[in-house]
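See structure below.
Letters A, B, ... mirror the listed sequences (proteins, then strands); counts begin at 1.
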Amino acid sequence: MIAEPPRDLIGQYGITLAEFDRILSLLRREPNELELALFGAMWSEHCCYKSSRRLLGALPKEAPQVLVRAGEENAGVVDVGEGWAIAMKIESHNHPSAVEPYQGAATGVGGIVRDVFTMGARPIALLNSLRFGFPDEPRSRYLLARVVAGIGDYGNCLGIPTVGGEVFFHDSYSGNPLVNAMCVGLLRHEDLVRSAASGEGNVLLLLGNATGRDGIHGATFASANLDGDGLDRRPNVQVGSPFLEKLLIEACLELLEKDLLVGLQDLGAAGLTSSSVEAASRAGSGVELEVTAVSRSETHMTPLEIMLSESQERMLAVVEPDRVPEVRAVLERWGLRSDAIGRVIAEPLVRVCEEGQVRAEVPVAALTDGAPAYDWPAMPGPLAGPASLPTDPLELLAHPNICSKRWVYRQYDQTVQASTVATADADAALVLLPGGRRAIALCTDGNARGDDPYLAGALAVCEAARNVSCTGARPWALTNCLNFGSPERPQGSWELRRAIHGLAAAAQALDIPVISGNVSLYNEASEGGARGAAAVAVTAVLPTPVVGMLGLLDDVERRGSIAFKAAADLVVLLGPATGPLDLGLEARVQKACRDAIGRGLLNSAHDCSDGGLLVTLAESCILGSVGATLEPELDYLDESPSRIVVSLSPERLPELRAMATGLPLTILGRVGGDRLRIPRVCDLSVEEMRDAWQHGLERFL
Amino acid sequence: MKFGIVVFPGTNCERDTAAAVEIAGGQAELVWHADDSPLQRFDGLILPGGFAHGDALRAGAIARFSAVMPRVMELAQTGRPVVGICNGFQVLVECGLLPGALLRNDSLQFRAEWVHCRVEVSAPPLTEGIPVGTLLYMPVAHGMGNYCEDERSPLGGETLVALRYCDANGDAAAAANPNGSAGNIAGIVRGNVFGLMPHPERAVSPLLGSVDGLALFKSLTRSLVAA
Amino acid sequence: MSDFMARVYVTPRPSVRDPEGSTIMEGLHQLGFSGVQMVRAGRYFEIMLQAGDSHQAEQTVDLMCRKLLANPVVEQYRFDLQLEATSE
Amino acid sequence: MSDFMARVYVTPRPSVRDPEGSTIMEGLHQLGFSGVQMVRAGRYFEIMLQAGDSHQAEQTVDLMCRKLLANPVVEQYRFDLQLEATSE
Ligand SMILES: Nc1ncnc2c1ncn2[C@@H]1O[C@H](COP(=O)(O)OP(=O)(O)O)[C@@H](O)[C@H]1O
Ligand SMILES: [Mg+2]
């Protein structure tokens, strides 16, 4: 029954010799090829986080509002009051996007959306975080245009507003762009669903798309060269169908509403293998699968191909046998296919059958808990900092990393679902909660300024939280995506470690639980741009921890916005003129800003980050269509953290001072006129600044 | 006053539209595309936005053959209001209730932004009581909103331009046109059938950025009271 | 019954603007293909269908085009048919 | 120099999923075209270009396809060429 030992095959499935020995001791026998493939998939970096699992332990995951902790389920869930909860997660789709940017980005959105509605949540917002090489390169422009189109087309078709995101250009990303997508879902507490495959005898229904050879051996492929005649050895690129995904969302939410499901689990990386194993593992049960029951879109697929396929838009539902007809009736109405592909068994095993013959049988725990975890040797190394920004004010405002990203976001439907509070170019987006009085604030932030990955991690959290605080919302939970090079290089390992420490320290200091996340390693390109393991010179991306932040705003009528409002208002800097990161100070500055907005003291609030005070002030002028005159001679290009520029009517200043006791507070000047005047820095009309800022990106495209 | 909101597979603005109807004082009920029972119980129908059948082929091309569509045509014949918003407009054009065609945006990109539209006709079902020349501020979000006239049955006569994209001063300038549509056309009306690309259901509260869309829904419910 | 492969070409009617075609032409010029004088962008479908004979297949495909594949307001179509296999 | 008309057909590679083609097929079934067994949705371009001779035209069009018209990761293309007019 079990075929001969496949020692020569282990490399093909991404298993090392040491890992193979581990498999032998876990199984106490030789695995056959299919079993080896199951191990290869489940023990891949992508599925078991073998290089980061231990490090992620440093993140603060507990808080009273947390309903589903990081690592527990497909997405984290937090209470947001009045019986409502938010499910959210961010995930990378970097490698697929490097190969086919449109489909890679689109299927990235599709995947993260499934992770969220699988929790029983209706997706209400999407965000993203993108990194490309500098847009003076045609390839980078092509990637940008196609990634943005892919993200937009997929989310737009689903009817989920894309409310925020960020784009950053740096040459370290030219061979390996980063595409991180985040989804936020809304649910009632009582509607939370688990993904556990529990209840012996329950049926496993595979819903949605037929299974093809898409993305098989994705892991091995990711490290192969992409040139020349390699084309035909490529696995099929995963192609997304947002239309099918939309039907899946509606059908699954209807099934959950009618209480017809025991469990629900999406199919992502490693397809049926990881979803069935995870579902079984979460229930402490086992699963028996019959691969011939799986609808296939291609002929002659082997059990191995069926188990590893990454065809998009599929879900696995756990259903009590006598509810199957009702479930099928709902699915039929939505025009969706369903295959009864197996059942829950009591023995904690994954058993894969082909026409009733057992082809693989592996203990669930061997695939999950048995996975290796590595502490790679770490050593600091030199970091290529970002290219410096221009100092000429107009050039600075037009710089691709500073200018308005309107070219990007006007391809994203931001207003569908009629809950997005109108704020173009906000520090964080506001999405109304049911009832319309409260809102959530959302943003994504990464920070590539740090010449130290610790700072990159800490600043990502601080900036995201500061952005949320500038709307008046209280940071409530975060999700993170860790984009790094190979952890097998000591410098890569060091970068990852340091960044996680920075992230953890900041989350701790600001008291924000980490409720979900994703790790993407091996983001490197060989000389010439193509990704390759055997490359001579390897460029890793800048260490790029990205944070997706959720904030909670109790009264949306009392919200902060970037734009200067009224002439004669005072412009005040909350926070130090300069200085290194001090997490305690950061927390107090943010709190003072939130409190001041909550009391209705402020007419604007805008955080200071890339491009320093100059950019912050210019943006408040541009969005408010009003000028300002500043007095003190400061370094207006300094990018120190923990700073927020606010404006308020002069008579409210004493109240602000009282609120900010012990915090540095500098009066910068006044709002008014139609020019931004800063001594020794600039004297520019709002219109010329707007022109530079608004068309900065378009100049390249 | 009860409106049927027709839902095709891939429609995604049905809830927003139902909510807007309710804010305007009407009632809304979703109607599934496969339902071929008569729709006489409704005082009017709205075909909302979204991506029926994923916009395969052309927006609205497949939805037009849904079982519900003969019923929609039937109701339109009785003179009751039938309104298509965005994808719904595309369906109305594909099925011939409105003339012309909606082509891909001339930028070849999806366009999501706030626009001003100038009211060109003050008449039921959607703009009654809104003076000609009024500017409405509403979002658009579409990839195929580039209106093209049918040479064989040009506008004029019974089909009128109802809304045009314009700038904040009311000029139908090329720069104010998000999709390249002929004559900056944003919406047309033929008797009781109205189609428009902007999304009035997303402009129903100051928090969302505008209440101008609500004016259209109010006109719709008002026109029924009067009828 | 026989299997036919229909190849359907749908193009914008000559009087209808074709922004995709113009954009592609510009793109080709930018890439240095200066000899390009006109581009029309259309749609192409390959359809496998069963029909009694080629006459019936032709009528069926023509009906598909008129009803669904082409929008007569702005598009024109043509197609060719190829017999792939015949069973009894 | 001569004028050529190139007709370029771009289709999804056979192993690549074609959701639009599948949706169109379902639409055709709904319309009663039950004999339809497969639909692939592709793109079609008509390109007028000048070239020295047909060999050169062929090379040019092939290059256009590879550089701009088709995305080799997910699409394949073919084209035919027709001589329209020759001047000196
Ligand atoms: N950087 C991280 N921080 C916090 N949680 C993480 C991180 N990376 C992964 N996780 C958690 O580990 C679990 C597994 O993640 P993943 O394998 O990406 O999920 P999925 O299989 O649903 O795509 C999820 O609960 C996720 O939130
Ligand atoms: Mg998952």
Side-chain angles (χ1 to χ4, degrees), chain C residues 1-12 14 18 20-53 56-57 59-70 75-80 84-85, chain D residues 1-12 14 18 20-53 56-57 59-70 75-80 84-85:
Chain C
M1 293 298 269
S2 304
D3 290 340
F4 293 88
M5 166 70 105
R7 295 195 173 78
V8 179
Y9 315 92
V10 178
T11 45
D18 174 19
E20 187 177 359
S22 323
T23 306
I24 291 173
M25 184 161 81
E26 278 163 36
L28 288 171
H29 287 167
Q30 263 173 36
L31 282 174
F33 295 103
S34 52
V36 175
Q37 294 168 316
M38 186 216 65
V39 178
R40 297 294 277 177
R43 308 264 297 152
Y44 170 59
F45 305 98
E46 290 176 351
I47 301 177
M48 275 287 247
L49 77 160
Q50 285 202 319
D53 56 36
Q56 195 203 326
Q59 287 198 317
T60 308
V61 176
D62 193 62
L63 199 61
M64 283 179 197
C65 290
R66 276 189 286 127
K67 282 189 108 171
L68 186 69
L69 299 177
E75 291 171 332
Q76 57 195 17
Y77 66 88
R78 58 190 172 78
F79 62 88
D80 45 53
E84 296 280 296
Chain D
M1 292 298 269
S2 305
D3 289 340
F4 293 88
M5 165 70 106
R7 294 193 173 80
V8 179
Y9 316 93
V10 179
T11 46
D18 174 18
E20 187 177 15
S22 316
T23 307
I24 294 171
M25 182 165 79
E26 282 159 31
L28 288 169
H29 287 167
Q30 256 179 45
L31 275 177
F33 295 104
S34 53
V36 175
Q37 294 169 316
M38 187 214 66
V39 177
R40 299 293 276 177
R43 298 180 297 136
Y44 169 62
F45 304 100
E46 290 177 351
I47 301 177
M48 276 290 248
L49 77 160
Q50 286 203 317
D53 56 35
Q56 195 204 327
Q59 289 198 315
T60 308
V61 175
D62 193 63
L63 200 59
M64 285 178 195
C65 289
R66 279 188 284 128
K67 284 192 131 172
L68 187 72
L69 301 175
E75 292 174 329
Q76 60 191 14
Y77 64 86
R78 58 192 173 76
F79 61 89
D80 43 53
E84 298 279 295

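Within the 4.5 angstrom heavy-atom criterion, only side-chain atoms of D:Thr11, from C-beta onward, approach chain C. Both the backbone and the side chain of D:Leu63 come within contact range of chain C, each with at least one heavy atom under 4.5 Å from a heavy atom of that chain. Interface remark: D:Val10 contributes backbone atoms only to the contact with chain C (heavy atom separation under 4.5 Å). Contact of D:Ala51 with chain C is not made at all, since no heavy-atom distance falls under 4.5 Å.
Summarising the geometry of C:Gln37 relative to D:Asp3, their closest heavy-atom pair is OE1-OD1, 3.7 Å, with the distance given to 0.1 Å.
Between C:Met64 and the choices D:Ile24, D:Val36, D:Leu31, the side chain to side chain contact (heavy atoms under 4.5 Å, CB included) rule is met once, by D:Val36.
Outside the 6.0 Å centre-distance limit, the rings of C:Phe45 and D:Tyr44 are not counted as a close aromatic pair.
Your options are C:Gln50, C:Glu20, C:Met5, C:Lys67, and the one with the most heavy-atom pairs under 4.5 Å with chain D is C:Gln50.
Here the straight-line distance linking atom CE of D:Met38 with atom CE of C:Met48 works out to 6.0 Å at 0.5 Å rounding. Atom-to-atom distance recorded for D:Leu28:CG and C:Leu49:CG is 9.5 Å, nearest 0.5 angstrom.
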